[in-house]
Amino acid sequence: MAISIIFVLTLFVSIAFNKRIASLAISFLTMLFGLFLLFYSFAKISGLDALDIQIKGIIIIGEGLLLLVITSVFISVQEAKKKTL
């Protein structure tokens with residue numbers, strides 16, 4: 001879970017410095033990390049530990065999707081401001 005928090009903080013720093021491609025890449029990277037956890041738990045781990053890691057993977061995938069939406073909205077707002085000026 002600490003890695004996903006680092007991804008979120010890095011995303012907001014990249015948004016603050018207007019690094020659009022980096023912020024989109026970080027949101028995709030977060031989703032890929034969640035998918036990795038999900039598939040890893042299906043393949044290698046059994047028992048209740050697998051269920052725990054699967055739930056964490058799904059949460060991180062959802063977090064990545066939310067970050068993608070936030071980043072897209074932020075980029076759209078920036079582009080709309082540029083067109084009005």
**Message:** Give me the atom names and distance for the closest heavy-atom approach of T10 to I6.
**Reply:** OG1-O, 2.7 Å
**Message:** Test of understanding: clusters of I, L, V, M, F, W, Y form through side-chain heavy atoms closer than 4.5 Å, transitively. Do L32 and I26 belong to the same one?
**Reply:** no
**Fill in**
Between the OG atom in S41 and the CD1 atom in I55, the distance rounded to the nearest 0.5 Å is 10.0 Å
**Item:** Transitive ILVMFWY side-chain link V69 to F7, under 4.5 Å
**Value:** no
**Item:** From I60 atom CD1 to L67 atom CG, the distance as rounded to the nearest 0.5 Å
**Value:** 11.0 Å
**Asked** Out of curiosity, does F39 fall in the hydrophobic cluster containing I61 (side-chain heavy atoms, cut-off under 4.5 Å, transitive links)?
**Response** yes
**Joint hydrophobic cluster, L68 plus L66, side-chain heavy atoms closer than 4.5 Å** = no
**Prompt:** About how many Å separate OG1 of T84 and CD of E79, when rounded to the nearest 0.5 Å?
**Reply:** 11.0 Å
**Fill in**
Those residues at least two apart in sequence (or on a different chain) that pass salt bridge (charged side-chain N to carboxylate O under 4.0 Å, His left out) with K56 are D52
**Item:** Cluster overlap V8 with F28, hydrophobic side-chain contacts below 4.5 Å
**Value:** no
**Fill in**
dist E63:CD -> L11:CG (nearest 0.5 Å) comes out at 9.5 Å
**Message:** Testing L24, I21, I70 one by one against I75 for a side-chain contact (heavy atoms from CB on, under 4.5 Å), which residue passes?
**Reply:** L24
**Prompt:** Are V77 and K81 side-chain neighbours, meaning at least one heavy-atom pair lies under 4.5 Å?
**Reply:** yes
**Message:** Which label fits F36 and Y40: parallel for a plane angle under 30°, tilted from 30 to 60°, or perpendicular past 60°?
**Reply:** parallel
**Message:** Rounded to the nearest 0.5 Å, what separates atom CG in L38 from atom CZ in F33?
**Reply:** 12.0 Å
**Asked** In this structure, are over 12 heavy atoms from other groups packed under 6.0 Å from I3 atom CD1?
**Response** no
**Value rounded to 0.5 Å, distance of CD1 in I15 from CD in Q78** = 8.5 Å
